[in-house]
Amino acid sequence: APPRQTSPAGLLSLYADLIKLRLSLLVVLTAGVGGIMASGPSIDWMLLLWTVAGTLACAAAANAINQVVEHRRDALMDRTRHRPLPSGHLSPAHGWVVAMLLAYAGVAILALLVNLFAAGLALLTLLIYVLAYTPLKPLSTLNTLVGAVVGAIPPLIGWVAVRDQLDLGAWALAAILFLWQLPHFLSLA
């Protein structure tokens, strides 16, 4: 179906669906917790703001790329056929442009305003999500393990934003998130 014309508010709503805004905000929450826990009693709020902004853009990009790649499959499932791409509200090309702009913006924010370690972890997360998790979804339940790894990295982004290194506290946060996600995903299945 051809893309439909929509109002600016309607377009923002479509973008929120394309980037899975609620899921992306949960990613940002865990990155923020990582940054706050790494900070100790003195929090650099501007650094935290740039960290969560860059992480949000990268998470949004990963979700948008996932929807671009899966738009044909999404059109076949009741749960996903009303998403912006399979419903024809946005074209796959439109979704791809939005995703690429978000990816570049997120990595650039982190690289220029936080540090290269945080930018590298965010890029790694995006690449694992797009190149491993998304293709594995229709092939194997091992995608759940890959998804749990992806979900465990954001607190590491927050941690390295503050300390520019990974230490025991960072790994403990990541392990908690990794272990929490497995029963969570399985209960949804």
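Throughout, residue positions are numbered sequentially from 1 according to the sequence presented.
Considering only heavy atoms from C-beta on, Met77 comes within 4.5 Å of Arg73 through its side chain. For the pair Leu90 and Leu18, the minimum side-chain heavy-atom distance is below 4.5 Å. Proximity of Ile36 to Leu48: side-chain heavy atoms (C-beta onward) are separated by under 4.5 Å at one or more points. Two residues are said to be in side-chain contact when any heavy atoms from C-beta on lie closer than 4.5 Å; Val160 and Gln165 fail this criterion. Between Leu47 and Val114 there is a side-chain heavy-atom pair separated by less than 4.5 Å. Between Leu25 and Leu29 the shortest side-chain heavy-atom distance does not fall below 4.5 Å. Two residues are said to be in side-chain contact when any heavy atoms from C-beta on lie closer than 4.5 Å; Arg81 and Ser87 fail this criterion. Side chains of Asn66 and Val130 form no contact here, defined as non-hydrogen atoms less than 4.5 Å apart.
For the side chain to side chain donor-acceptor pair (under 3.5 Å) test, residues two or more places apart in sequence or in another chain that qualify with Ser24 are Asn63. With sequence neighbours excluded, no residue forms a salt bridge (Lys or Arg N to Asp or Glu O under 4.0 Å) with Asp164.
Between Ala111 and Ala119, the closest heavy-atom pair is N-CB, 3.5 Å. Looking at every heavy atom in both residues, Ala99 comes nearest to Ala64 through CB-CB, 3.6 Å. Gly151 and Leu177 make their closest contact through O-CD1, 3.5 Å (heavy atoms, listed as atom of the first residue, atom of the second, distance). Across every non-hydrogen atom of Gly35 and Ser39, the tightest pair is O-OG, 2.7 Å. Closest approach of Val68 to Pro92, counting heavy atoms only: CG2-O, 3.9 Å. The two residues Ala60 and Leu102 come nearest to each other via the heavy atoms CB-CD1, 3.8 Å.
Among residue pairs with one or both ends in residues 122-163, those qualifying as ring pair (Phe, Tyr, Trp, His ring centres under 6.0 Å) are Tyr129-Tyr133; sequence neighbours excluded. Residue pairs meeting the side chain to side chain donor-acceptor pair (under 3.5 Å) criterion with at least one partner in residues 109-124, sequence neighbours excluded, are absent. Among residue pairs with one or both ends in residues 36-55, none qualify as ring pair (Phe, Tyr, Trp, His ring centres under 6.0 Å); sequence neighbours excluded. Annotation: side chain to side chain donor-acceptor pair (under 3.5 Å) contacts involving residues 94-112, sequence neighbours excluded, comprise Tyr15-His94.
Under the 4.5 Å side-chain heavy-atom criterion for grouping Ile, Leu, Val, Met, Phe, Trp and Tyr, Leu14 is connected to Leu56 within one hydrophobic cluster. Following chains of ILVMFWY side-chain contacts shorter than 4.5 Å, one can reach Phe117 starting from Ile153, so the two form part of one hydrophobic cluster. Follow the hydrophobic side-chain contacts under 4.5 Å out from Leu110 and you never reach Leu166; the two are in separate clusters. Placement of Leu131 and Leu126 within a single hydrophobic cluster is found when ILVMFWY residues are connected by side-chain heavy-atom separations under 4.5 Å, directly or transitively. Residue Val27 is not grouped with residue Leu49 when hydrophobic side chains (ILVMFWY) are merged at heavy-atom distances under 4.5 angstrom, including chains of intermediate members.
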Using the side chain to side chain contact (heavy atoms under 4.5 Å, CB included) rule, take Ile65 and Val69 through it: C-alpha gap first, then chi angles, then the decisive distance, then the call. CA-CA 6 Å; Ile65 293 168; Val69 170; 4.2 Å; yes

Audit row: Ser91, Leu85, side chain to side chain contact (heavy atoms under 4.5 Å, CB included) steps and yes/no: CA-CA 6 Å; Ser91 70; Leu85 300 179; 5.8 Å; no

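For Leu139, the CG atom counts as densely surrounded, since its 6.0 Å shell holds more than 12 non-hydrogen atoms of other residues, nucleotides or ligands.
Remark: Leu136 CG to Ile128 CD1 distance equals 12.0 Å, nearest 0.5 Å. Considering CG of Leu173 and CE of Met37, their distance stands at 5.0 Å, rounded to 0.5 Å.
Each of Ile157, Val52, Thr51 was compared with Val28 under the side chain to side chain contact (heavy atoms under 4.5 Å, CB included) criterion, and only Val52 meets it. Between Leu127 and the options Leu124, Leu123, Thr125, a side chain to side chain contact (heavy atoms under 4.5 Å, CB included) holds for only Leu123.
A distance-only check finds a donor-acceptor pair linking the side chain of Arg163 to the backbone of Ala38 [under 3.5 Å].
For Asp17 and Lys20, the salt-bridge test fails: no basic side-chain N is under 4.0 Å from an acidic carboxylate O.
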